[in-house]
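Just so it is clear, the structure is predicted and the values come from calculations on it, not from any experiment.
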Amino acid sequence: RGLGDVYKRQVQGSIPVRPECRDQALSMAKNMVEASRLEFGCVSYDFYVGLADPNTLMLFQEWESLDALQSHFETKHMDDFLQQLPDILSGEVVTKRYAVQSIEEEEAVLIEAEEPIIH
């Protein structure tokens with residue numbers, strides 16, 4: 001099987017918005033969530049407000065395949081979002097893409113920490 005068959009695709013991003021444009025940014029995010037969740041291959045798609053900075057939107061999305069993610073980039077709602085985005089930004093958008101593979105329970109490896117790790 002090729003990588004597209006084995007790995008799901010995840011994208012995370014942070015979008016800093018100007019305070020006076022926050023309501024517009026939230027509306028844009030809501031529209032993207034509603035439209036993107038209807039796309040073939042969308043596993044999850046959501047925006048969150050940053051706790052450290054309520055004018056930063058955090059984006060998390062997961063797709064069944066690279067093809068599904070590529071198709072998402074070619075949608076009208078994505079184009080509309082990208083056209084409006086420069087007008088609301090207060091800084092640089094940072095995005096990261098990941099290829100994620102699920103492992104079966106019998107393949108999982110348990111790693112024990114010597115001391116508890118608290119985040």
If two hydrophobic side chains count as joined below 4.5 Å and joins carry through other members, does [X] share a cluster with [Y]?
X: Phe40; Y: Val33; value: no
X: Phe73; Y: Leu38; value: no
X: Leu51; Y: Val94; value: no
X: Val93; Y: Leu26; value: yes

Problem - Stepwise side chain to side chain contact (heavy atoms under 4.5 Å, CB included) check, Met58 with Asp46 - result: CA-CA 8 Å; Met58 307 302 294; Asp46 221 333; over 6 Å; no
Heavy-atom closest pair, residues [X] and [Y]:
X: Met28; Y: Leu85; answer: CE-N, 4.0 Å
X: Trp63; Y: Ser36; answer: CH2-O, 4.0 Å
X: Ala68; Y: Ser65; answer: N-OG, 3.1 Å

How many angstroms lie between atom [atom1] of [X] and atom [atom2] of [Y], to the nearest 0.5 angstrom?
X: Glu74; Y: Leu69; atom1: CD; atom2: CG; answer: 10.0 Å
X: Asn55; Y: Ile88; atom1: CG; atom2: CD1; answer: 10.5 Å
X: Arg37; Y: Ser44; atom1: CZ; atom2: OG; answer: 8.0 Å
X: Gln70; Y: Arg9; atom1: CD; atom2: CZ; answer: 9.5 Å
X: Thr95; Y: Leu59; atom1: OG1; atom2: CG; answer: 8.5 Å
X: Ser27; Y: Gln84; atom1: OG; atom2: CD; answer: 8.0 Å

Handout entry: Pair His77, Glu34: side-chain N/O donor-acceptor within cut-off below 3.5 Å
Key = no
Exercise for the section: Evaluate whether atom CZ of Phe60 has more than 12 neighbouring non-hydrogen atoms of other residues, nucleotides or ligands under 6.0 angstrom away. Expected result: yes
Problem - Exceeds 12 heavy-atom contacts within 6.0 angstrom, atom CG of Leu82 - result: yes
Handout entry: Arg18 and Asp87 ion-paired at < 4.0 Å
Key = no
Problem - Candidate pair Gln12 and Tyr98, rule side chain to side chain contact (heavy atoms under 4.5 Å, CB included), full reasoning - result: CA-CA 8 Å; Gln12 86 177 49; Tyr98 301 93; 3.7 Å; yes
Taking the side chain as C-beta and beyond, is there a heavy-atom pair between [X] and [Y] under 4.5 Å?
X: His72; Y: Met78; result: yes
X: Thr56; Y: Ser14; result: yes
X: Glu62; Y: Cys42; result: no
X: Asn31; Y: Asp80; result: no

Practice task
Name the orientation class of the two ring planes belonging to Phe47 and Phe81 (parallel below 30°, tilted from 30 to 60°, perpendicular beyond 60°).
Solution key: tilted
